[in-house]
Amino acid sequence: VQLQASGGGLVQAGGSLRLSCAASGSTVDYYAIGWFRQAPGKEREGVACISSSGSYTIYTESAKGRFTISRDNAKNTVYLQMNSLKPEDTAVYYCAADPIRGYYSDYDASCDGMNHWGKGTQVTVSS
């Protein structure tokens with residue numbers, strides 16, 4: 001499977017962006033998928049992850065109430081809607097997948113175990 005993140009850009013604080021993670025090469029029906037980010041000089045962190053069923057989600061504390069992860073399996077795409085953006089959200093955002101999780105759990109939205117990674121998209125939030 002290949003994952004391609006898109007939708008990043010430059011936005012003012014308080015603005016919104018929607019990131020897309022498009023998968024190719026395989027259907028994502030059984031994939032748990034997550035969004036991660038890495039800011040300069042910082043470790044990569046999980047931002048939001050979604051179960052293969054789409055019914056369960058997990059967010060990092062700083063994303064709760066501002067970001068929404070969703071999936072459209074018919075389009076083989078997972079989205080991250082980011083609202084009320086802050087300068088500290090500036091980072092390269094990546095999507096990643098655990099392609100087999102859905103075969104044993106359709107409710108596990110853990111960001112752990114993601115082993116297929118796409119190239120990132122830069123998000124820059126100006127103050």
Side-chain angles (χ1 to χ4, degrees):
V1 60
Q2 291 185 328
L3 302 174
Q4 180 64 56
S6 62
L10 174 63
V11 64
Q12 289 188 332
S16 298
L17 284 173
R18 188 176 80 155
L19 305 184
S20 297
C21 175
S24 60
S26 177
T27 179
V28 298
D29 290 7
Y30 292 95
Y31 291 18
I33 295 179
W35 285 98
F36 299 75
R37 66 186 179 188
Q38 188 165 21
K42 295 187 176 181
E43 292 188 356
R44 187 175 62 200
E45 66 168 338
V47 177
C49 296
I50 189 167
S51 65
S52 61
S53 69
S55 298
Y56 298 87
T57 56
I58 286 179
Y59 295 90
T60 191
E61 195 63 33
S62 63
K64 290 179 181 177
R66 299 189 300 127
F67 295 3
T68 302
I69 187 171
S70 62
R71 63 191 298 155
D72 184 341
N73 286 358
K75 295 183 178 180
N76 251 20
T77 302
V78 171
Y79 304 98
L80 184 67
Q81 178 67 44
M82 303 188 296
N83 299 327
S84 302
L85 282 162
K86 304 175 181 180
E88 51 264 44
D89 295 317
T90 295
V92 179
Y93 284 70
Y94 301 87
C95 60
D98 176 352
I100 66 170
R101 189 176 303 173
Y103 288 100
Y104 58 88
S105 171
D106 63 0
Y107 59 85
D108 185 353
S110 170
C111 293
D112 295 333
M114 304 288 182
N115 53 17
H116 283 65
W117 292 81
K119 294 182 179 179
T121 185
Q122 176 70 47
V123 171
T124 303
V125 185
S126 62
S127 58

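Since this is a predicted model, take the numbers as computed values, not measurements.
- Annotation: Gln2, atom CD; neighbour count of heavy atoms from other residues, nucleotides and ligands within 6.0 Å does not exceed 12.
- Remark: the Thr68 side chain and the Tyr59 side chain contain no N/O donor-acceptor pair separated by less than 3.5 Å.
- Without hydrogens or angle criteria, Thr90 side chain to Val125 main chain gives a donor-acceptor distance under 3.5 Å.
- A donor-acceptor pair under 3.5 Å is absent between the side-chain atoms of Arg71 and the main chain of Gly54, judged by distance alone.
- The two residues Ala5 and Lys119 make their nearest non-hydrogen contact at CB-O, 3.5 Å.
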Review point. Taking it one step at a time, do Arg101 and Asp106 satisfy salt bridge (Lys or Arg N to Asp or Glu O under 4.0 Å)?
Key: CA-CA 7 Å; Arg101 189 176 303 173; Asp106 63 0; over 6 Å; no
Practice item. May I have the step-by-step check of side chain to side chain contact (heavy atoms under 4.5 Å, CB included) for Tyr94 and Thr121, ending in yes or no? Key: CA-CA 7 Å; Tyr94 301 87; Thr121 185; over 6 Å; no
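- The closest side-chain donor-acceptor pair between Arg18 and Tyr79, if any, does not fall under 3.5 angstrom.
- Using bins of under 30°, 30° to 60° and over 60° for the plane-to-plane angle, the ring pair Phe36/Trp117 lands in the tilted bin.
- In this structure, Ile69 and Ile33 approach most closely via the heavy-atom pair CD1-O, 3.9 Å.
- Partners of Gln4 under the side-chain contact (heavy atoms from CB on, under 4.5 Å) rule, at least two apart in sequence or in another chain, do not exist in this structure.
- Side-chain atoms of Thr77 come within 3.5 Å of backbone N or O of Lys75 as a donor-acceptor pair.
- Counting heavy atoms of neighbouring residues, nucleotides and ligands inside a 6.0 Å radius, atom OH of Tyr30 does not exceed 12 of them.
- A donor-acceptor pair under 3.5 Å is absent between the side-chain atoms of Ser105 and the main chain of Gly102, judged by distance alone.
- Atom CG of residue Asn73 and atom OG of residue Ser52 lie 8.5 Å apart, to the nearest 0.5 angstrom.
- Under 3.5 Å, the side chains of Ser51 and Asp108 contain no donor-acceptor pair of N or O atoms.
- Distance alone, capped at 3.5 Å, places no donor-acceptor pair between the Asn83 side chain and the Ser16 backbone.
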